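Beneath this line is the structure, given in C-alpha cells, with notes to follow.
If you're wondering where the values come from, they're calculated on a predicted model, not measured in any experiment. Quick note: numbers below take in every heavy atom, side chains included, and nothing from hydrogens, waters or symmetry partners. Numbers here are sequence positions counted from 1.
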Amino acid sequence: MAATPSTAPTTAPPDGKPGGTLRLLTGQMPSGDPGWADEPGEQAFARLVTRQLYSYPTDTDVTRATIPRPDLAVGEPVVTMGGTVYTVRLRSAARWNTPSQRRITATDVARGFKRMCAPPVPSPLRGYYAATIRGFAEYCAQLAVSPVADVSALIEGGSISGIEVVGDDTIEFHLVRPVNDFVDVLALPASSPVPLEALAYPPDSPEYLDNLISAGPYRFVSEPDGDYRLSRNPSWSGSSDGIRRALPDHITVTDGLDAETIAERIEAGEGDMALDGEVPPEQLDALTGDADDRLVVGPTGTVVTLVVGLNGPSAAALREQQVRTALAYCVDRVAVTGALGGPPLAAPTAQLLQEPMTGYQEYDPYPAEEGTGDPQRCAEGLANNPGGRVTALSLLTTDSAADAQVAEALRVAFARADIRLDVRVRSREQYRQAVGDPQQQFWDLALTRIAPGWFGDAARTVYQPLLDGMWMGPRPADGGYRRPDLQARFEAASEASPATAAGEAWAALERTVLADAAVLPLAVSYPARLHSAAVQAFTIIPSLGTADPTAVSLSS
C-alpha cells in the first residue's frame, strides 16, 4: 500500500483573499492550446484561459477534488440509450474574450474535439476520445492523410459522427459503448471549446499563444518589460463559473528560467510559484529537512514502475511466471522510495492504482520484509527455471537524475541476490523510441512512470495505455504484456455500474495484472511545489499535479 504523504497538500486559511499580482515562473511558456495540454504547467495555464463542460474543483478534500463538476454545462449530462448517448446543455452566459463578447456555443465545443486530430502532430490526449466517442478514431485517420494546408477547412466543414451539435446550447456525444468515466474525459483541458479564429494558426504553436482568445477568468494584456501579463477578463463572469475563483487581480509569467533559478527566485520572494517543473533535489532536501511550510506535497502522484521485457535478450526466461515472480522479490521498494527523496516525497507501493481511485484496494501479491525484498527467493527463482539460469539483466532508464538514483537502488538490490543489473541510459527521446515497440526490445527491464490522466474514476487512465494494443496515444514502456481475456475484463470494468461494482471489477483486474508480475510497481512519487511567503492559500489539485493559479491567495 502506498502511504499518504505526511505533508498537507494545501496551505490555506478558511477563506482565500482576492487581489494582488501572482508571479508565475517557468522554463517554457505553454502555447495555451488546451488540446495539447498534457503536462502540469500546461494544464495550470489552461485553468487561467479556458473552460470545459465539466472541471475539477479546487478543494482541500482530495475525494471532492477528484469529482468533476459542471463548468460550461448547466448541470449533469442526460444519459440515454443504455449509457451510450450523453446530452449536455451549455450555459448561455459564458463568453469569448472578443470585441462582441461572443457566446461560447456547442459548435465551439465540437471544434475543439476535431482539432485534436490535426496533423502533423495530433494531440497526445486523443486516445481517450478515440476509444470512447463513435467516429473519433476514423476522423483522426482521415485528417492524418490530408494535406496540412487543407486541415482547417476540413475541421470547420467536417464532423465526427459521434458528436452532434443540436443547437447553440446543446451538444450530444454518442459513445462506442457505455463507460463510467466519460464525464472525467469531458473534464480534460483537451475538451475545451476553441473559437473559430484559432483555425488560422497551427495547433500548439507560438502563433496560437500570440493570438489566444480567452474563455477563462484571465486574458493577455501588454507588458512593457517583456514578461507575459494577464489581467481579469471582462467577458468572464464569476456568477457563471463555479470552478475558478479568480483571486489574483493580475498574473505575470516569466519564462526561460531553469529549475534552480526558479526555486532561488521563489525562496527570495522574487516569484510566487513555478508554473511547471519540480524543485531541484538539492533545494528539495534543504526544504524538507527544515520542514519549510513554503513546500507543499501533493496527495497523489505518479507510480514509478519496472516493466518486464517479454521479447528482449532474456525473453526465454522472463516469459516464465516463476522468473517474473522472483523479480518481485528482487526489488527493494524501500530503497527506491529513499532514492526518490523518501517520505513525504515518495512512498513504496506494490500497486498501480492509488487512493482515491475507484478500484483501489490494498494488495501485494508478493510481500517481502516490509518492502525491502527477499534476496534468497530472488536468487532461487532466477537460478532454477525452465527458461535457463539468469545471472544478469539489462535495465533501461532515461538520463534524468531521478532515474539514475532509482537505477542505482535497483542495482544494489539485485546484487544482493548475485544478479548483475546492467544499466543502459538513454536520452528522453531515445528512451521513448526504445520502449515504444515491444517487437524491437534490446532490454530486459525498463524503468517507467505511470501517471493517471485524472483521479477518482480513473483506473482506465492506468490500464488502457498499458493493456490496449489499439491505444492511440502515449503509453508507458511496453514490455509486450498481452492477455486476450484482459481486454474483455477491462471493458467490463469500464462499463460497470454502480460505483461499487466498478470498484470490484477494477480491483479484480489489478490483482490479475499484479500477480502476473509483468509490471512491478515500486513507489509513488508525489509532486513537490514551492511557493513564496506571500502566498496565503495554495491547494494542489490532483488532476493538475500543481496548484490552481486562479485560487492562489496573496498577502498584501
Q: Check T300 against P542 and note the closest heavy-atom contact, atom names and distance.
A: OG1-CB, 3.4 Å
Q) Considering all heavy atoms of both residues, which atom of D168 and which atom of L90 are nearest to each other, and what is their separation? A) O-CD2, 4.4 Å
Q: Search all heavy atoms of A451 against all heavy atoms of T302 and return the closest pair with its distance.
A: CB-CG2, 3.4 Å
Q: Compute whether any side-chain donor of one residue and acceptor of the other, for Y56 and D184, lie under 3.5 angstrom apart.
A: yes
Q | Distance-only side-chain donor-acceptor flag, T358 / D457, under 3.5 Å | A | yes
Q: Hey, could you give me each pair passing salt bridge (charged side-chain N to carboxylate O under 4.0 Å, His left out) that has a residue in residues 524-536? Not counting sequence neighbours.
A: E278-R529
Q. Would the number of heavy atoms belonging to other residues, nucleotides or ligands and lying under 6.0 Å from CD of Q101 be above 12?
A. yes
Q. Between Q52 and S191, is any side-chain donor less than 3.5 angstrom from a side-chain acceptor?
A. no
(Q) Ring centroids only, cut at 6.0 angstrom: are W471 and Y463 within range, meaning strictly under it? (A) no
Q: Using a strict cut-off of less than 4.0 Å between a Lys/Arg side-chain nitrogen and an Asp/Glu carboxylate oxygen, indicate whether R102 and E197 qualify as a salt bridge.
A: yes
Q | D71/R91 ion pair, N-O < 4.0 Å | A | no
Q: Return yes if some donor-acceptor pair links the side-chain N/O of R115 with the main-chain N/O of P122 below 3.5 Å, else return no.
A: no
(Q) Does R219 have more than 12 heavy atoms from other residues, nucleotides or ligands lying within 6.0 Å of its CZ? (A) yes
Q) Between the side chains of Q361 and Q351, does any donor sit under 3.5 Å from an acceptor? A) no
